[in-house]
Amino acid sequence: MEGITPSLLMLQLMTGIALGAVYALLALGLSLIFGMLTVVNFAHGAFFMVGAFLGVYFLGLTGNFWFSLLLTPIAVGAIGLVTERFLVRPLYGRGIDYPLLLTFGLSYVMVEAMRVAFGIEGVPTSTPAQLRGAVDLGFGFFPLYRLFLIGATAVVVLGLWLFIEKTRYGLIIRAGSRDPEIVRVLGIDISRVWLMVFGIGTAIAGLSGVLAAPTRAVNPEMGISVLAESFVVTVVGGMGSLPGAVVAGLLVGVVFSMTSLFAPDLAELSIFVLMAVVLLIRPQGFFGKAGLMG
Amino acid sequence: MNQALINARRRRILRAGTAVAASPFLFNIARAQGAPIKIGFPVPLTGAFSAEAQDQVRAAEIAIKDFNDAGGFGGRKAELLVRDDKLNPGEAATRTLELIEKDKVNFIVGSLSAATQLSINAVSRDRKIIFNSISQSDAINEAKDWSLYTFHEALNPHLTAGAVARYAFPKFGKKIVYLTADYAYGHEMVRGFQRAGQPLGAVTLADIRHPLGVADYSAFLPRIQSLKPDVLVLCNFGRDLVNSAKQVTDFGLKANTKVIAPVLLYTARQAGGADAFDGILGGTSYYWGMEDKIPAAKAFNDKFRKANGGAVPSDYGALGYAGIRSVLQAVLNAKSTDSVPVSIALRQLKYNWYKGEQFYRKCDHQSVQSVVIVESKSKAMKDKYDVFNVLAIENANEANLRSCDELGHKVTTT
């Protein structure tokens, strides 16, 4: 193929990383919830979508992108808390398919709720004024907002890592995911830990929604395709593994981007091929523990 | 009374009843006084084009009201039977079949995708019911799908793309890149551009095909950037167009490249926002802002505004209005609701419902009409409806359509 220059490849790589950043954030929330609660959250895409809508709504209300960046995850996390407390909690100990079906149904309710609240067409969005334009990276111009997206993802990943690895709460969460019985015996209310984890996971989904909103159309169905892609990422990275979510997210972004360059019509397929290959060679994913679903 | 006698008497009564019911005199009176003229209207009320479809219904209702307020057809009022085809060809065929067989509609007007349009046409054509399609398509003009009962009110990709190419290529340059949704609509658009572009000296640098419904087009953009085209044509529709326009803007492609959307819809622009679409040029069948120049547009807009709290009609909405009005006018002209006389009346119709002079070409029943070239603006907007500048109007010209021969039509009689 003619016209493939090193700078084009670099730009393509950056584009892939920016794409992967959104995948990574989504998969992070999904993996967090699955790893701790063994709940496969089928409403994750819907939480992402609600985040995008609320982000636009708060932006219109406050006129400030940074406020909406702060308020949206809190609001979506709050919806997550209510969901866990009243809908998911009664289903613990009943097998993995109960919460799966519940969240699947919930996603439909959320899509319909957004249609009622904001209309079926979706809402227009634009890049915040401070982050508009493109910057010269030495090998070509790249949109500033997408650089910001990569940076924001890095901050979230770092923050979450510090929280889980370095704080007392993080210790309880890690212990709870290894052996909830022992944690309970030690006098810790495990149900509150699970509540918090579900809240954090959905808050991150909401945050990825508000971050992605300026780059794409915001409509009630935007979470549907995103959900499928985030499941690919979690499967490739290993169900329940946080480093896996990040590495696989970026990898899926880059694979999609590079395939788009050489064979645009195969781009959608490429990430599923990647998943198939990973499943054949390493069924538990990059960092996953074998037999977790059993 | 024995059983044989009872049976004989019953048969006599039945015979008498049948004779009365079949009397042409009584039958006609019943129809003239009561029976409404039923128009089936299958459109995708749910799905990706629901915003456009709902506008089509709103505008169609105005055409129905116009007709009824003017007294109808000898006292017979028109009635719109709206059905949701869910943007699914199978669903569209089923709904159309029900409309014809169960609801006994006289005509079908509607559809909003190339595929549902063909499936509706297949059903109505076989049952000799007139179908006036209000969705863009090239295929419906071609001989294999056509019938005496098939009419096409909307533009077709060949005409739209051609008009945009004739306007834009001489102005903005000859090096063209296409970003194309990989299905019939996208392919038809690219073909339309390339054909109109050839005599103008346009060169295709790349035709990049993407699957339908991609949320993020950024991965396609660095390559387009490095090709340095004069013109980038976004041959996609609806949300695909909104997403790609947005990301093209983010990547700063508009700085050196003119971005074109062959079909630039009012609804897509509203959903995408001013920034994403700023400066994008495209073609459309109608824009309400034409009312400065075209009195018929003003009259139609005013009626629509009055019925819809000041809102303006969209392009596809306006097609719903025109599609219904043509059929009802043909009923008046033909003094009949039967398919054959109405079809002949439609073939002879010259009309100006909302955008200037139009007529149906004899060989394929394509409505020959103007194409509006608009550019999206982000500044100096008077209100939320004021989104485009009208750059040019390419007048109705049969020569811009594919020829009857090319489409495979042999008969071109009256």
Side-chain angles (χ1 to χ4, degrees), chain A residues 1 3-5 7-16 18-19 22 115 119-127 129 131-135 139-146 212 214-219 221-222 224-226 229 253-254 256-269, chain B residues 45-55 179-180 182 205-228 238-253 255-256 267-278 378 384:
Chain A
M1 196 177 188
I4 302 293
T5 59
S7 59
L8 175 57
L9 284 175
M10 282 303 289
L11 262 183
Q12 203 74 37
L13 185 69
M14 281 302 289
T15 309
L19 272 176
V22 177
R115 283 182 185 153
I120 43 178
E121 283 168 71
V123 290
T125 59
S126 53
T127 315
L131 297 169
R132 272 185 208 171
V135 278
F139 45 82
F141 283 89
F142 193 74
L144 179 60
Y145 188 81
R146 284 183 192 248
T215 67
R216 61 184 73 186
V218 174
N219 56 56
E221 293 81 25
M222 69 185 291
I224 296 169
S225 60
V226 158
E229 286 151 4
V254 170
F256 181 87
S257 178
M258 287 300 168
T259 320
S260 303
L261 179 61
F262 295 103
D265 32 6
L266 299 181
E268 291 268 280
L269 188 67
Chain B
L45 293 173
T46 51
F49 305 152
S50 54
E52 287 83 359
Q54 292 182 355
D55 214 44
L179 184 61
T180 309
D182 201 1
L205 297 183
D207 176 7
I208 299 170
R209 303 266 164 112
H210 68 75
L212 265 179
V214 179
D216 199 307
Y217 290 81
S218 57
F220 303 109
L221 301 182
R223 174 147 175 250
I224 297 175
Q225 231 167 1
S226 73
L227 287 166
K228 296 188 174 56
R239 283 173 184 169
D240 285 339
L241 177 59
V242 172
N243 271 328
S244 51
K246 216 175 182 85
Q247 287 143 18
V248 161
T249 309
D250 287 346
F251 271 74
L253 273 163
N256 303 310
T267 35
R269 159 63 186 77
Q270 289 290 12
D275 294 328
F277 276 93
D278 185 35
S378 67
K384 64 174 174 172

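Letters A, B, ... mirror the listed sequences (proteins, then strands); counts begin at 1.
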If one checks every heavy atom of B:Ala271 against chain A at 4.5 Å, the contacting part turns out to be both
Go through A:Pro124, A:Ser225, A:Gly119 and name the one with the most non-hydrogen pairs under 4.5 angstrom from chain B. A:Pro124
Of the backbone (N, CA, C, O) and the side chain (C-beta and beyond), which part of A:Thr259 lies under 4.5 Å from a heavy atom of chain B, both, or neither? neither
Does a donor on one side chain sit under 3.5 Å from an acceptor on the other, for A:Thr127 and B:Asp250? yes
Apply side-chain contact (heavy atoms from CB on, under 4.5 Å) to the pair B:His210 and A:Asp265, showing each step before the final yes or no. CA-CA 5 Å; B:His210 68 75; A:Asp265 32 6; over 6 Å; no
Heavy-atom cut-off 4.5 Å, strictly under: side chain, backbone, both or neither for A:Leu19 against chain B? side chain
B:Asp216: what forms a salt bridge (Lys or Arg N to Asp or Glu O under 4.0 Å) with it, not counting sequence neighbours? A:Arg146, A:Arg216
May I ask you to name which of A:Pro214, A:Ala212, A:Ala267 has the most heavy-atom pairs under 4.5 Å with chain B? A:Pro214
Counting heavy-atom pairs under 4.5 angstrom with chain A, the leader among B:Ala255, B:Ala51, B:Ser244, B:Gly273 is B:Ala51
Go through the steps to decide whether A:Phe141 and B:Phe251 satisfy the test side-chain contact (heavy atoms from CB on, under 4.5 Å), and finish with yes or no. CA-CA 8 Å; A:Phe141 283 89; B:Phe251 271 74; over 6 Å; no
Option in A:Glu221, A:Met14, A:Met258 with maximal non-hydrogen atom pairs under 4.5 Å from chain B: A:Glu221
Taking side chain as C-beta onward, heavy atoms only, is A:Met222 less than 4.5 Å from B:Arg239? no
B:Gln54 versus chain A, heavy atoms under 4.5 Å apart: side chain, backbone, both or neither? side chain
The reported gap from CZ in B:Arg223 to CG in A:Leu9 (rounded to nearest 0.5 angstrom) is 12.0 Å
Rounded to the nearest 0.5 angstrom, the CZ-CG distance for B:Phe220 and A:Leu261 is 10.5 Å
Side chain to side chain contact (heavy atoms under 4.5 Å, CB included) partners of A:Glu268, counting only residues at least two apart: A:Glu229, A:Phe256, B:Pro211, B:Val214
Turns out that what part of B:Ser226 lies under 4.5 Å from chain A's heavy atoms comes down to side chain
Kindly compute the distance separating CG (A:Leu11) from CG (B:Leu221), expressed to the nearest 0.5 Å. 10.5 Å
Gap separating the CD atom of B:Gln225 from the CZ atom of A:Phe142, nearest 0.5 angstrom: 10.0 Å
Using only atom types and a distance under 3.5 Å, with no angle test, would you say the side chain of A:Gln12 pairs donor to acceptor with the backbone of B:Pro222? no
Nearest atoms (heavy-atom pairs only) where A:Ser257 meets B:Ala219: CA-CB, 3.7 Å
Can you see whether B:Lys246 engages A:Ser126 through a side-chain donor-acceptor pair at a distance of less than 3.5 angstrom? no
Please identify, among A:Asn219, A:Thr215, A:Val123, the residue contributing the most non-hydrogen atom pairs under 4.5 Å to chain B. A:Asn219
